[in-house]
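Below, read A as the first sequence line, B as the second, and so on, with proteins coming before strands; counting in each chain starts at 1.
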Amino acid sequence: MSIWEYANPKRFMQTSAWVLPWVAVLALACLVAGLIWGFFFTPDDFRQGSTVKIIYLHVPSAMMAINAWVMMLVTSLIWLVRRHHVSALAAKAAAPIGLTFTVIALVTGAFWGQPMWGTWWAWDPRLTSFLILTLFYLGYIALWQAVENPDTAADLTAVLCLVGSVFALLSRYAVLFWNQGLHQGASLSLDKEENVADVFWLPLLVCIAGFVLLFVALVLMRTRTEIRARRLQALLARERLA
Amino acid sequence: MGALLSRDLRLAMRAGGGFGLGLAFFLLLAVLVPLGVGPEGGTLGRIAPGILWVGALLACLLSLDRIFALDFEDGSLDLLATSPMPLEAVVAVKALAHWMVTGVPLTLVAPVLGVLLNLPVEGYGWLVLSLALGTPALSVIGAFGAALVVGVKRGGLLLSLLVLPLYVPTLIFGAEVVKRGAAGLEVAVPLLLLAGITLAAGALLPFAAAAAIRINLR
């Protein structure tokens with residue numbers, strides 16, 4: 001029993017059909033619970049008022065926007081090295097989801113920034129690197145769309161993902177150098193006793209879990225769609241030959 | 001290698017179009033920006049480093065799709081791929097040729113346009129130096145982008161979308177060198193980082209670009 005068995009599309013379809021409903025229900029439960037808890041049952045911040053509650057959307061979506069790219073990087077590498085089609089299709093499936101999370105993070109950030117910083121947008125390093133991440137996602141998706149042969153597209157996008165990751169990281173530190181930030185530094189880390197006061201922290205954790213599960217559910221769903229589309233095309237091609 | 005370089009250079013010179021366009025674009029930008037922004041020397045001098053770098057970058061972008069597209073269409077890219085010369089070297093030579101017909105003229109013209117944009121006197125040396133160091137990176141990164149989209153018909157827009165985010169670090173450090181130089185500040189840090197990007201891109205990206213071409217020629 002090795003993890004590579006799931007690279008077999010049939011095996012993947014069987015397992016994911018079983019896993020998907022559970023993940024989806026859990027994601028829904030976490031999101032509903034976390035968001036209701038966060039929005040209605042936490043106190044207002046003494047300085048920011050109720051605007052602070054946007055963190056329950058902003059922080060998890062920003063985290064997942066980056067994690068989605070990392071996942072695409074890993075699956076692209078697996079595709080390039082081991083040529084498992086499921087892996088390439090999972091990377092393709094994850095890109096629009098990651099783009100959506102990036103946009104959610106940017107938009108919710110703008111909504112929060114308007115009353116707090118007095119501006120919708122600032123050329124702050126974090127904001128700028130997220131804008132650049134959006135461009136990377138757009139380019140990646142556009143390349144998938146533009147190349148007709150699916151294997152060629154998978155290869156090219158995988159190469160782009162690898163090179164893009166290096167440049168995305170480079171841009172992240174370049175913009176740090178270019179402008180001092182308005183955005184607060186990292187408030188969440190694993191090695192601190194208390195990150196944020198527990199009243200805000202616990203619902204936030206539930207929301208983060210909900211976003212992770214939501215991402216997994218969406219990727220599974222979209223990968224299944226891609227596999228079915230691929231099978232359909234194979235059937236059509238076979239029919240044309242017959 | 002020498003033969004390929006001289007062939008590419010000769011094609012670029014005699015075929016016209018593409019490469020002269022970049023230079024013309026750069027010139028137009030430097031003339032139009034003061035007309036749009038207004039003639040006050042202080043404002044112009046402050047934005048001149050950024051404008052010149054953005055202009056050089058966009059001018060470079062204009063001719064990128066010509067690096068491989070023409071050779072792909074008439075089949076000479078297949079010949080180059082099967083020739084005894086490694087494809088990585090072909091990419092490197094083609095990027096070099098692209099730099100010689102866009103980056104070098106842009107670098108040489110930039111000080112003249114600096115005058116138009118009222119660039120402070122201290123900035124000229126750093127402008128030329130930063131463009132000379134940074135434009136090779138633009139060409140190599142662009143060659144990688146061009147290699148990715150070589151099989152796509154009318155891939156110009158896609159190419160710009162792919163290459164633009166890759167250009168960000170080069171632009172930031174390049175413009176920063178000129179900005180600091182013009183203000184009389186210490187420039188060593190961005191200058192070294194800029195040189196680092198050029199060296200790393202020149203050393204590594206030809207491999208990625210060659211891989212992309214092999215995939216496209218499959």
Do B:Phe144 and A:Val163 come close enough that some side-chain heavy atom pair is under 4.5 Å? yes
Within the 4.5 Å heavy-atom criterion, are A:Asn149 and B:Arg218 side-chain neighbours or not?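 No, too far: nothing below the 4.5 Å cut-off.
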Tell me, for [X] versus chain A, whether the close heavy atoms (under 4.5 Å) come from the side chain, the backbone, both or neither.
X: B:Val149; answer: side chain
X: B:Leu164; answer: neither
X: B:Leu157; answer: neither
X: B:Arg214; answer: neither
X: B:Leu158; answer: side chain
X: B:Leu204; answer: neither

How many angstroms lie between CG in A:Leu170 and CD1 in B:Ile197, if you round to the nearest 0.5 Å?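 It is 5.0 Å, given to the nearest 0.5 Å.
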If I take atom CG from residue A:Leu156 and atom CG from residue B:Asn216, how far apart are they, to the nearest 0.5 angstrom?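 Those atoms lie 4.5 Å apart.
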More than 12 non-hydrogen atoms from neighbouring residues, nucleotides or ligands closer than 6.0 Å to OH on B:Tyr124, yes or no? yes
Using a 6.0 Å cut-off, check whether atom CH2 of A:Trp112 has over 12 heavy atoms from anything other than its own residue. yes
Which one of B:Val152, B:Val189, B:Leu148 has the most heavy-atom pairs closer than 4.5 Å to chain A?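 Most pairs with chain A among the choices: B:Leu148.
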Name the option with the most non-hydrogen atom pairs under 4.5 Å to chain A; the candidates are B:Ile141, B:Thr170, B:Leu161. B:Leu161
Exactly one of A:Leu135, A:Thr134, A:Leu131 clears side-chain contact (heavy atoms from CB on, under 4.5 Å) with B:Pro165, and that residue is A:Leu135
Which one of A:Gly139, A:Gly164, A:Ala168 has the most heavy-atom pairs closer than 4.5 Å to chain B?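 The residue among A:Gly139, A:Gly164, A:Ala168 with the greatest pair count is A:Gly139.
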Show, in sequence, the C-alpha distance, side-chain angles and deciding distance for A:Tyr140 and B:Leu162, and conclude whether the side chain to side chain contact (heavy atoms under 4.5 Å, CB included) test is met. CA-CA 8 Å; A:Tyr140 181 87; B:Leu162 291 182; over 6 Å; no
